[in-house]
Structure formats: structure tokens, C-alpha cells
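Protein chains get the first letters and strands the later ones, always in sequence-line order, with residue 1 at the start of each. Predicted, not measured: the structure shown is a model, and the values here were computed from it. Values reported hereafter were calculated over all heavy atoms of this structure, with side chains retained and with hydrogens, waters and symmetry mates removed.
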2 protein chains.
Amino acid sequence: MEYIVDNIKSQMRKGLLEYCILLILNKKEAYASSIIEELKHANMIVVEGTLYPLLIRQKNQGLLNYRWEESTQGPPRKYYMITDKGRSLISEMDLAWQEIVSTIETIRK
Amino acid sequence: MEYIVDNIKSQMRKGLLEYCILLILNKKEAYASSIIEELKHANMIVVEGTLYPLLIRQKNQGLLNYRWEESTQGPPRKYYMITDKGRSLISEMDLAWQEIVSTIETIRK
DNA sequence: TAGAATACCTTGTATAACAAAGTAGTATTT
DNA sequence: AAATACTACTTTGTTATACAAGGTATTCTA
């Protein structure tokens with residue numbers, strides 16, 4: 001039965017990832033590994049192979065921009081930052097999230 | 001941009017469907033069309049092609065049972081009801097849901 | 001200078017949901 | 001009685017998301 005629960009949890013997390021990325025970048029710019037760290041800290045496990053394509057997708061949608069920055073300890077990092085378009089999408093996602101939360105409430109009654 | 005928002009919403013709903021089905025059947029037994037109605041009422045749009053395979057999956061996992069019942073206005077209906085196993089999974093899903101909600105809180109800070 | 005570490009990226013796979021079409025029993029209309 | 005509409009259940013093919021696993025490139029360190 002454990003595998004069912006794990007699957008449920010992972011399914012629930014899916015679809016919230018994009019939202020989480022924007023929320024994180026709304027606070028301050030960050031590069032992939034640091035985003036993964038923050039997500040892990042909040043119990044939202046993500047791997048590189050998931051995050052990179054997602055960042056690229058959001059960039060292509062005009063929600064993010066990035067700039068390269070030299071690191072003092074390693075190769076250069078791609079710092080992503082949110083755009084105005086991304087910020088206005090967050091407002092809509094906030095609403096969508098509230099809707100979801102109250103949907104669950106409604107169904108539980 | 002509207003299509004992005006719609007996609008986000010649909011992504012957020014995904015993964016919560018299984019949970020919602022169990023919550024609904026935890027209140028009282030129901031057949032597919034009535035489940036779709038209740039979900040629609042709570043703003044969680046689902047179509048037949050999504051729901052039927054899901055019910056069959058949950059039945060095969062031992063979370064649900066069903067019985068046929070004649071209808072006064074149409075073909076017989078397959079009434080699904082939750083099992084003990086399904087009920088105990090709900091408790092775990094409640095926890096998972098709480099975790100998700102607080103994850104979002106944490107990230108938003 | 002060889003290896004370790006960091007960071008970015010790509011490919012193949014599994015799965016969930018959807019769109020659309022199909023099957024079949026029951027009710028209604030002509 | 002036959003044709004049509006309606007209700008309900010089911011299946012098939014497609015799309016999209018995330019993951020696992022592997023790959024490339026740059027920088028640091030022993």
C-alpha cells in the first residue's frame with residue numbers, strides 16, 4: 001500500500017511545480033541548484049531532469065529571464081529572474097490555488 | 001496568456017482527482033455520472049474518459065467495490081462504494097494534502 | 001595534470017488525463 | 001413496430017509532465 005501513497009503524493013505535487021518555481025523566483029533570482037535546494041527544504045522534491053526543461057519552458061513563455069553569472073566556486077551559473085508577465089501570472093495562479101483549496105473543502109463538505 | 005492559465009489550472013487539478021473520488025465515495029456510494037456532476041459542482045471538471053479508467057484502477061487496487069443497480073430512467077448503473085482499504089488510504093491522503101498546502105505556504109513565506 | 005565537483009542539458013520512459021469514438025440497454029416519438 | 005434520442009459504460013490514441021539516467025563543459029584541488 002505504501003507505493004500507492006507515494007504515488008499519490010507525487011501526483012499531488014505535479015502541477016504545482018510551475019507555481020512553486022514562480023513563487024521562489026518572485027522572492028529573488030536564483031539558479032537551478034539553489035531552486036532545487038529550496039524546494040527540497042519545503043518538502044517538494046525535484047530532480048534536475050525535471051527542473052531544467054521547466055525553466056526553459058517558462059523562459060520561452062516569457063515568464064522568466066536569465067543572466068549568466070560567474071561563481072567563486074565552480075562553473076558559471078544561469079540566474080533566473082521573474083518577468084512582469086511572470087508576476088502577473090502569479091496572481092492568476094494564486095487564484096487558481098485558492099480555488100483548488102476550496103474545491104477540496106467543498107467536496108469534503 | 002489565457003491558455004497558460006487554463007493549463008496551469010488543469011495541471012493543479014491533476015493528481016487530486018483520485019483524492020476527490022475517494023472523498024466523494026466516502027460520503028455515499030455513487031455512479032460515474034453523479035460523481036462527474038458533484039465534481040463539476042465543486043469546480044473540478046472531469047470527463048468520462050478520465051473518470052471511468054480511474055474508477056476501474058481504484059477498484060483493482062481494492063479501494064472501491066461496486067454493484068449494479070437498475071435505474072428507473074435508463075440503463076443499469078454501476079454504483080461504486082469505498083472499502084475499508086480505501087477509507088484508510090483517505091487518512092494518508094489527508095496528510096499528504098496537508099503537507100502540500102503547507103509546502104506552498106513555506107515557499108511563499 | 002588527473003580527478004572531483006559543480007552546473008547545465010538531453011534522451012527515453014512511464015503515467016495521467018483528455019478527446020473522440022464505440023457499445024449497449026432503455027425510453028420516447030412517430 | 002421501427003426509428004430516434006438518451007443514458008451509461010468502455011476503449012483507443014494522443015499529449016504533456018515528471019523522472020531516471022546519462023552526457024557535456026567548466027572550474028577547483030590534490
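Comparing atom distances between the B/Pro75 side chain and each of C/dT26, D/dC9, C/dC8 picks out C/dT26 as nearest. Here D/dA18 is the nucleotide among D/dC9, D/dA18, C/dG25 with the atom lying nearest to any side-chain atom of A/Arg57. With distances taken from any side-chain atom of B/Val47 to the nucleotides C/dC18, C/dA16, C/dT26, the minimum falls on C/dC18. Looking at the side chain of B/Glu70, the nearest of the listed nucleotides C/dT26, C/dT10, C/dA7 is C/dT26. For A/Thr50, counting side-chain heavy atoms from C-beta on, the closest listed nucleotide (D/dC19, D/dT27, C/dA7) is D/dC19. Distances from the side chain of B/Leu17 to the nucleotides C/dA17, D/dA8, D/dA18 place C/dA17 closest. Side-chain proximity of B/Pro53 to D/dT11, C/dT15, D/dA16: nearest is D/dT11.
Here B/Leu16 lies out of heavy-atom contact (under 4.0 Å) with every strand. Residue contacts shown for A/Glu48 include a base, since a base heavy atom lies under 4.0 Å away.
When the side-chain nitrogen and oxygen atoms of A/Tyr52 are compared with OP1 and OP2 of C/dC8, one or more of them lie within a distance under 4.0 Å. Distances shown here put a side-chain N or O of B/Lys78 below 4.0 Å from the OP1 or OP2 atom of D/dT10. Checking the phosphate oxygens (OP1, OP2) of C/dA7, a side-chain nitrogen or oxygen of A/Tyr31 falls inside 4.0 Å.
Separating the CE atom of A/Met12 from the P atom of D/dA18 is a distance of 16 Å, rounded to the nearest angstrom. If you measure from atom CE of B/Met44 to atom P of C/dA17, you get 10 Å, rounded to the nearest angstrom. Across the protein-nucleic acid pair, A/Ile36 atom CD1 and C/dC9 atom P stand 12 Å apart, rounded to whole Å. Atom CD of A/Gln73 and atom C1' of C/dA7 are 12 Å apart (whole Å). A/Ile8 places its CD1 atom 14 Å from the P atom of C/dT15, with the value rounded to the nearest Å. Distance B/Gln61 CD to C/dA16 C1': 13 Å, rounded to the nearest Å. Atom CH2 of B/Trp68 is separated from atom C1' of D/dC9 by 6 Å (rounded to the nearest Å). Summarising the geometry, the separation between CD1 on B/Ile4 and C1' on D/dT17 is reported as 16 Å, rounded to the nearest angstrom.
Heavy atoms of other residues, nucleotides or ligands lying less than 6.0 angstrom from NZ of A/Lys40 number 12 at most.
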Inset, instruction - Decide salt bridge (Lys or Arg N to Asp or Glu O under 4.0 Å) for A/Asp84 and A/Arg87; before the verdict, give the C-alpha distance in whole Å, the side-chain angles of both, and the deciding distance to 0.1 Å. - result: CA-CA 5 Å; A/Asp84 285 346; A/Arg87 250 182 293 274; 3.5 Å; yes
Legend entry - side-chain contact (heavy atoms from CB on, under 4.5 Å) between A/Leu64 and A/Leu22, worked out: CA-CA 9 Å; A/Leu64 307 180; A/Leu22 290 181; 3.8 Å; yes
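Residue whose closest nucleotide on DNA chain D sits further toward the 5' end, between B/Tyr80 and A/Thr72: B/Tyr80. The nearest heavy atom of DNA chain C to A/Asn7 and to A/Ser33 marks one nucleotide each, and the one closer to the 5' end goes with A/Ser33. Remark on DNA chain D: of its neighbouring residues A/Glu18 and A/Gly74, the 5'-side contact belongs to A/Glu18, judged by nearest-heavy-atom nucleotide.
To the nearest 0.5 angstrom, B/Leu25 atom CG is 7.0 Å from B/Leu55 atom CG.
With a 6.0 Å cutoff to the six-membered ring centre and a 45° limit on the axis angle, A/Lys78 does not count as a cation-pi contact of A/Tyr31.
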For residues 11-21 of chain B, dump all side-chain donor-acceptor pairs below 3.5 Å to protein atoms at least two apart in sequence or in another chain.
residue : atom : partner  : partner atom : Å
B/Glu18 : OE1  : B/Gln58  : NE2          : 3.2
B/Glu18 : OE2  : B/Arg57  : NH1          : 3.0
B/Tyr19 : OH   : A/Arg108 : NH2          : 2.5
B/Tyr19 : OH   : B/Asp94  : OD1          : 2.5

